[in-house]
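For reference, the structure discussed in these notes is given below.
Just follow the structure's listing: the first ligand is 1, and inside any ligand the first atom is 1. The residues of the chain are indexed from 1 along the displayed sequence.
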Amino acid sequence: MKIFLDTADLAEIRRAAEAGLIDGITTNPSLLAKVTGDREPREIFREICEVVDGPISAEVVATDTEGMVREGRSLSELHDNIVVKLPLTEAGLRACRTLSGEGVATNVTLCFSTAQALLAAKAGATFISPFVGRLDDVGHDGMEIIAEIRQVYDQYGYDTEILAASLRHPRHVLEAMLMGADAATLPSAVLYKLLRHPLTDAGLEQFLADWKGTGKSL
Ligand code: G3P
């Protein structure tokens, strides 16, 4: 399963990329707004593309098809790795069909049902982003749609990749793996929780204490 980092923060991106922990990046307008300041958003996307060699999702902010297609074409010209992120609305699916037909990679976002995921696949989406945590927030079992979408895509032969999103803790990531998601996007906090284990820390401390007793170096 591919792991993407869900952020537009370049320091976080550099740290994870240099450690070889991530395969790509997802952003959204809220994440981009946190880091933009005086900078041009396109400059930020270009810089992310220089740091990470993998799919980089950049989301449109237009709400009409024409505007989404215009923004999508322009974003996709920034770098070969740009994936144009589009909301799962009628206008978004129309834009997805147009952009996918032109060979532009797309990520259909804000997916909250298996039926929506089927429509995105039919529109030619490269990735579908079901939002697990936000479904949990309103009392559903968000992971259920990951399993359902996997079943439906396999049953009908769609090659749209399932990108589990809005993952809030390591258990979400584990379940996404077990359900056969193609990719998962995580905030840094969740990524490093996957990496760390108290028994690893305790084990290392013991090894080093035992070795120190020998007074030798390697
Ligand atoms: O990739 C989608 C993600 O950014 C949404 O996460 O935690 O805001 O629901 P969250």
Side-chain angles (χ1 to χ4, degrees), residues 1-13 15-17 21-36 41 44-45 48-49 51-52 54-61 63 68 71-72 75 81-89 92-93 95-96 105-114 116-117 119-121 125-150 160-177 179-194:
M1 185 178 75
K2 289 170 217 158
I3 293 186
F4 297 157
L5 199 63
D6 197 25
T7 184
D9 184 305
L10 276 154
E12 287 182 20
I13 292 171
R15 177 182 171 195
L21 296 175
I22 53 169
D23 303 294
I25 297 292
T26 55
T27 64
N28 61 40
S30 305
L31 294 171
L32 193 62
K34 281 191 200 166
V35 300
T36 297
I44 298 172
F45 288 131
I48 295 175
C49 290
V51 177
V52 179
I56 311 297
S57 288
E59 188 161 342
V60 300
V61 289
T63 52
M68 289 181 191
E71 288 177 0
L75 287 168
N81 285 344
I82 290 284
V83 176
V84 176
K85 207 167 169 192
L86 301 154
L88 210 158
T89 58
L93 292 185
C96 180
T106 51
N107 174 358
V108 175
T109 188
L110 292 166
C111 171
F112 293 97
S113 79
T114 305
Q116 284 184 314
L119 297 177
T126 314
F127 294 98
I128 182 70
S129 290
F131 275 30
V132 172
R134 291 194 194 185
L135 277 168
D136 290 352
D137 290 345
V138 294
H140 291 263
D141 177 357
M143 288 313 305
E144 265 177 16
I145 69 163
I146 302 291
E148 285 180 11
I149 298 169
R150 179 75 284 153
T160 298
E161 293 192 42
I162 302 171
L163 199 183
S166 184
L167 302 182
R168 306 272 174 77
H169 48 72
R171 184 83 208 167
H172 273 156
V173 186
L174 171 65
E175 288 178 16
M177 288 184 229
M179 287 171 180
D182 300 286
T185 189
L186 330 175
S188 284
V190 176
L191 177 67
Y192 293 105
K193 278 185 190 157
L194 291 185

Provide the number and element of each atom of ligand 1 under 4.0 Å from a heavy atom of Ala165.
-> 1 (O), 2 (C)

Answer whether the closest heavy-atom distance between the side chains of Ile162 and Arg150 falls below 4.5 Å.
-> yes

Is any side-chain heavy atom of Ser188 less than 4.5 Å from a side-chain heavy atom of Leu5?
-> yes

Answer side chain, backbone, both or neither: which part of Asn28 comes under 4.0 Å from ligand 1, heavy atoms only.
-> side chain

Lys/Arg-Asp/Glu bridge criterion (N-O < 4.0 Å) met for Arg15, Asp9 = no

Ligand 1 atoms nearer than 4.0 angstrom to some heavy atom of Thr185 are 1 (O)

Which residue and non-hydrogen atom of the protein lie closest to atom 7 (O) of ligand 1, and at what distance in Å?
-> Arg168 NE, 3.0 Å

Could you check if a side-chain atom of Met179 sits within less than 4.5 angstrom of a side-chain atom of Met143, using non-hydrogen atoms only?
-> yes

Please examine the side chains of Asp23 and Phe4, heavy atoms only from C-beta on, and report whether any two atoms are closer than 4.5 Å.
-> yes

Please say whether Asp6 places an N or O atom under 3.5 Å from an N or O atom belonging to ligand 1.
-> yes

Please could you name the atoms of ligand 1 that Phe131 approaches to less than 4.0 Å, counting only its heavy atoms?
-> 2 (C), 5 (C)

Which of the numbered atoms in ligand 1 are below 4.0 angstrom from a heavy atom of Arg134?
-> 5 (C), 8 (O), 9 (O), 10 (P)

Name the one of Thr27, Thr26, Asn107 that satisfies side chain to side chain donor-acceptor pair (under 3.5 Å) with Ser57?
-> Asn107

For ligand 1, which atoms sit closer than 4.0 Å to a heavy atom of Ser166?
-> 2 (C), 3 (C), 5 (C), 6 (O), 7 (O), 9 (O), 10 (P)

